Amino acid sequence: METLAKTQAGFVLGTLRYMSPEQPAARRSTTAATSSPRIVLYEMVTGQLPFSGHTALDTLHAIAFEETRR
């Protein structure tokens with residue numbers, strides 16, 4: 001019986017707005033698992049998400065390459 005992996009290299013999985021910068025850039029990081037809670041906290045404090053764009057691709061680019069809004 002063949003078993004399929006739930007994740008594979010080259011695929012981006014997750015809720016786009018709550019992704020860590022390491023995910024779309026396909027980098028490994030020990031902080032990737034803790035980024036979602038940080039993003040939720042950022043959103044609670046500021047009332048906005050740290051990264052956004054007009055389209056999903058714009059948002060993904062912002063997450064991977066732009067600095068977090070202050």
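The figures here come from the full heavy-atom set of this structure, side chains too, leaving out hydrogens, waters and symmetry mates. All residue numbers in this chain count up from 1 along the given sequence. The shown structure was predicted, so the numbers you read here are calculated from the model rather than taken from an experiment.
Across every non-hydrogen atom of Ala62 and Ser52, the tightest pair is CB-O, 4.0 Å.
By the 4.5 Å heavy-atom criterion applied to side chains, Thr55 and Thr59 are not counted as neighbours.
The line from CZ of Phe51 to CD of Glu67 is 8.0 Å long, rounded to the nearest 0.5 Å.
Listed by chain and residue number, Tyr18 satisfy the side chain to side chain donor-acceptor pair (under 3.5 Å) test with Glu43 (two or more places apart in sequence, or in another chain).
None of Ile63, Ile39, Val40 except one satisfies the side chain to side chain contact (heavy atoms under 4.5 Å, CB included) rule with Leu49; the exception is Ile39.
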